[in-house]
2 protein chains.
Amino acid sequence: MKVVRLGVIGLGNMGKGHLNYIAKGEVKGVEVTAVSDSVPDRLQWAKELLGGQVGVFEDPRQMMDSGLVDAVLIATPHYSHPELAIACFERGLHVLCEKPAGVYTKQVREMNEAGGKANVKFSMMYNQRTNPLYVKLKELIDAGELGEVRRTNWIITSWYRSQSYYDSGTWRATWAGEGGGVLLNQDPHQLDLWQWTISMMPKRVRAFCYFGKHRDIEVEDDVTAFVEYENGATGVFVTTTGEAPGTNRLEISGDRGKIVIENNTLTFWRLRVSEREFNKQFKGGFGEPECWKCEIPVKGSYPDHKGITQNFVNAILHDEPLIAPGEEGIKGLMLSNAMLLSTWTDNWVDLPIDEELFYEYLQERIESSVYNKEAQTK
Amino acid sequence: MKVVRLGVIGLGNMGKGHLNYIAKGEVKGVEVTAVSDSVPDRLQWAKELLGGQVGVFEDPRQMMDSGLVDAVLIATPHYSHPELAIACFERGLHVLCEKPAGVYTKQVREMNEAGGKANVKFSMMYNQRTNPLYVKLKELIDAGELGEVRRTNWIITSWYRSQSYYDSGTWRATWAGEGGGVLLNQDPHQLDLWQWTISMMPKRVRAFCYFGKHRDIEVEDDVTAFVEYENGATGVFVTTTGEAPGTNRLEISGDRGKIVIENNTLTFWRLRVSEREFNKQFKGGFGEPECWKCEIPVKGSYPDHKGITQNFVNAILHDEPLIAPGEEGIKGLMLSNAMLLSTWTDNWVDLPIDEELFYEYLQERIESSVYNKEAQTK
C-alpha cells in the first residue's frame with residue numbers, strides 16, 4: 001500500500017475539520033476516498049471539497065463494504081463510536097476514532113476486544129498527546145527526574161459554556177443524546193493525559209459530580225474527584241463548565257520535587273537530593289531539602305490533530321508505533337465513569353469499575369432523558 | 001486601667017517569642033508582670049529578661065490568683081488551652097489564647113460558654129488575620145467585588161517536616177501529646193482564613209486523612225478535604241508535611257471572576273459583567289464574558305503576632321473591636337475535627353459536627369497512644 005484510502009464517518013464539526021486539513025494535503029500518504037453522513041447537505045459539501053470521484057454514503061456500513069477504503073476515521077456522536085469501530089474491525093479496516101472512546105466502558109471493552117482480534121491499526125484521536133508540554137512532562141517522569149509520584153492535582157475549569165451553547169442542539173448535555181457532560185465532552189484529553197503522563201491509573205475514586213448545577217442541562221457540569229493510586233499517591237481533579245475565567249493548572253509532586261504546568265509553561269522545582277534521602281539523613285529539626293526552580297525548555301511543534309492522523313497513516317504504511325493506541329481510550333473513560341458512579345452510589349469506586357452497575361445507572365438516566373436516544377445512535 | 005498587667009503561661013517557643021517583643025516595648029500599653037511554666041530554667045530565663053520584680057509561678061492558677069495580672073496569654077500545649085482559659089474567665093481575667101483553640105470542639109465550646117459569661121476580652125492568636133494579603137482578600141469579598149463565592153481551593157503543602165523534627169519531642173505528633181497533626185499544628189491559620197475571608201463555613205465535609213503516611217508518627221500528615229457550602233459552592237483543601245517544595249496557593253472563584261493568592265501576590269481576574277448576567281444575555285453559542293487581569297495593590301505592614309497582641313491590649317484599654325474574637329477559634333477547629341471524623345467514619349460529616357462522637361474517637365486514639373497524656377496536660 002502506498003496511499004491509505006480513508007473513509008470518514010460523520011461530517012459534523014470534527015469530521016469537517018479533519019477533511020479540511022487532509023484535503024489540503026497536510027497529511028502525507030493518505031487520501032479521503034469516501035465519506036458517510038446521514039445529512040445529504042454534508043455529503044454535498046464533501047463532494048465540493050474533494051471532487052466528484054469521492055464515494056458518498058448515507059449508511060456507514062455501505063461505505064465500509066464499498067471496497068473504496070482501507071481505513072476509517074470515526075467522528076460521529078459518542079454513543080456510536082464502539083459499534084462503528086467494531087463494524088470496521090469485522091471488515092479488516094483500520095480505525096482512527098474520535099474521543100471519547102464511547103460512553104460506557106462495557107461498550108468500549110467490547111470494541112477493544114474486537115480490535116485485538118482484527119489485524120489492523122486502531123488509534124484514538126488523543127491529539128493532546130502531541131502537545132509538547134505534556135510530551136515533555138511524560139518524558140521527565142518516565143526518565144525518573146521527578147522520582148516516584150506522590151500527588152497529582154489538576155484544576156481544569158477553563159471550559160466556560162453558556163446556556164446558549166447547550167441550547168444549540170437538543171441532543172446536547174442529555175443522557176440519551178450525549179451520555180455525559182463536562183467529563184465526557186470537555187475533559188477526555190485531560191483525563192487521558194492525567195494517567196498517560198504519570199503512567200499510573202488510580203486504584204479507587206471518590207467523586208462529587210453535580211448535574212445541571214450551573215445550566216439547565218441533564219448531565220454533570222461540575223466535578224471534584226479525589227483518587228488514590230496503588231503506590232499510596234493521591235490526586236485531585238476539579239472541573240466545570242460554569243466558571244469564568246477558568247484555570248488550567250496541573251501540579252505533580254514527586255520524591256524529587258514538583259512540576260507545575262500553567263499558562264503554557266512547565267516549571268520544575270527540583271530537589272538537589274530526593275526527599276526520602278534528605279529525610280533519612282537530616283538531623284536538624286526544622287529544615288528542608290535544597291530546591292532549584294528550573295525553567296524547562298519545551299521545544300518542538302504541536303502537530304495536534306494532524307499529528308495523530310499522520311501517525312495513524314504512518315502506522316498503517318510503515319508500522320510506526322501509535323502515539324495513542326485505541327485500546328487506551330478506555331482508561332480516560334474509566335475515570336469519567338468511575339466519577340459518575342461514585343457520585344451515584346455516594347461511595348468509593350474501585351477500579352476497574354463494575355461495568356454492569358455503571359451501565360444500569362446510565363440506562364435509568366437514558367430512559368428518563370428528554371432526548372430520544374434513537375435519533376442519535378442509529 | 002492605663003497599662004495592662006499581662007501574665008504569660010507557657011514559655012516554650014511561642015511564649016518566649018511573645019515575651020521578647022513585649023519586653024522590647026513593641027506593644028503599647030502592656031507590661032508582663034508574671035509568668036508561669038513548670039520548667040524552672042524557663043522561669044529563670046524570664047526573670048533575666050524582665051527583671052527580678054516579675055512574678056514567677058510553677059502553677060498557672062497561683063499566677064491567676066496572685067493579683068499581679070489583669071490579662072493572661074496562654075501559650076501552652078494544645079490540650080490545656082480551654083481549661084486554662086476557663087480558669088481565667090472564672091477569675092475575671094482577659095484571655096489571649098494561642099492557636100489552636102483546643103483539640104476538640106466539645107472542650108472549646110465549654111471555653112466559649114465560659115468566655116461568654118465573663119465580662120472580659122477574649123482573643124485568639126490568629127496573627128495571619130493581620131496579613132495584608134488576606135485582609136485585602138476579605139475586604140474585596142466583603143465589598144462584593146468577587147460576587148457570590150462559587151468555589152474555594154487551597155493547596156497548602158509548604159509545611160515540610162522531617163522525621164528529625166518529629167523526633168525532637170516525645171509528645172510531638174502523638175494523639176495523647178498533641179491530639180492531631182498537620183491540621184492542628186500547621187494549618188490552624190489557613191483553616192481560620194479559609195472561612196474568615198469568605199465569611200462562609202461549609203455545611204458538610206468529606207475528607208481523606210492519612211496517618212503516619214510520610215513519617216513514623218501517630219497523627220495525620222497528609223489530608224485532602226472536599227466541602228460543600230450552604231449556597232452550593234464547593235471547596236478543596238489539600239495539605240501535608242511530607243512534600244518538598246510545597247505549594248501555598250489559594251484560589252477563590254465567584255460570580256464576578258477569580259482571585260488567586262500565590263507567591264505573596266493577589267491577582268484578581270475580574271469579569272466585566274457577572275457570569276450570571278452574561279449567561280442570561282449571551283446568545284452566541286461559544287463565548288465567555290470579557291475578563292480583566294487585575295494586579296491588586298496589597299499595602300500596609302504585617303504586624304503579625306504583635307498586631308494581635310496590640311489589638312488585644314487596645315480592646316481592654318479602649319474597647320477596640322477584636323480582630324480575632326476568641327469564640328471564633330472553634331470554627332477552624334471544627335473544620336479540622338470534621339476532616340478527621342470524616343476519615344474515621346469513612347463518610348460525610350455535617351457541620352456542626354457530632355462533638356460527642358468525635359470525642360469518643362479521639363479518646364480511643366489517646367488511650368492507645370505511645371505518649372502518656374498525663375505528663376502533658378497537668
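For a residue to count as touching a neighbouring chain, one of its non-hydrogen atoms must lie under 4.5 Å from one of that chain's; by this rule A/Asn347 does not touch chain B. With a 4.5 Å cut-off on non-hydrogen atoms, A/Arg215 touches chain B through its side chain but not through its backbone. Contact of A/Val260 with chain B is not made at all, since no heavy-atom distance falls under 4.5 Å. B/Asp167 does not touch chain A: none of its heavy atoms, backbone or side chain, sits under 4.5 Å away.
Listed options A/Phe286, A/Phe226, A/Tyr210 were ranked by heavy-atom pairs under 4.5 angstrom with chain B; first place goes to A/Phe226. With chain B as partner, the option from A/Glu228, A/His214, A/Arg270 having the largest number of non-hydrogen pairs under 4.5 angstrom is A/Glu228. The most heavy-atom pairs under 4.5 Å with chain A, out of B/Gln163, B/Lys213, B/Arg249, come from B/Arg249. Contact count versus chain B (heavy atoms, under 4.5 Å) is highest, among A/Arg276, A/Arg256, A/Arg206, A/Lys280, for A/Arg206. The greatest number of non-hydrogen atom pairs below 4.5 Å with chain A, out of B/Asp255, B/Thr247, B/Ile155, B/Thr157, is found for B/Thr247. Residue with the most contacts toward chain B among A/Lys283, A/Arg151, A/Glu251: A/Arg151 (heavy-atom pairs, distance under 4.5 Å). Residue with the most contacts toward chain B among A/Pro245, A/Gly254, A/Gly257: A/Pro245 (heavy-atom pairs, distance under 4.5 Å). Most heavy-atom pairs under 4.5 Å with chain B: of the set A/Ala244, A/Gly284, A/Ser168, this distinction falls to A/Ala244.
For the pair A/Lys258 (side chain) and B/Glu243 (backbone), a donor-acceptor distance under 3.5 Å is absent.
In B/Asn231, the CG atom is crowded: over 12 heavy atoms of neighbouring residues, nucleotides or ligands sit closer than 6.0 Å. Environment of CD in A/Glu230: sparse, with no more than 12 heavy atoms of neighbouring residues, nucleotides or ligands closer than 6.0 Å.
When each of A/Trp159, A/Tyr165, A/Tyr160 is paired with B/Glu288, the side-chain contact (heavy atoms from CB on, under 4.5 Å) condition holds for A/Tyr160 and for no other.
Under the 4.5 Å side-chain criterion, counting only non-hydrogen atoms from C-beta, B/Ser164 is not in contact with A/Asn279. Within the 4.5 Å cutoff, the side chain of A/Thr240 has no heavy atoms near those of the B/Arg150 side chain.
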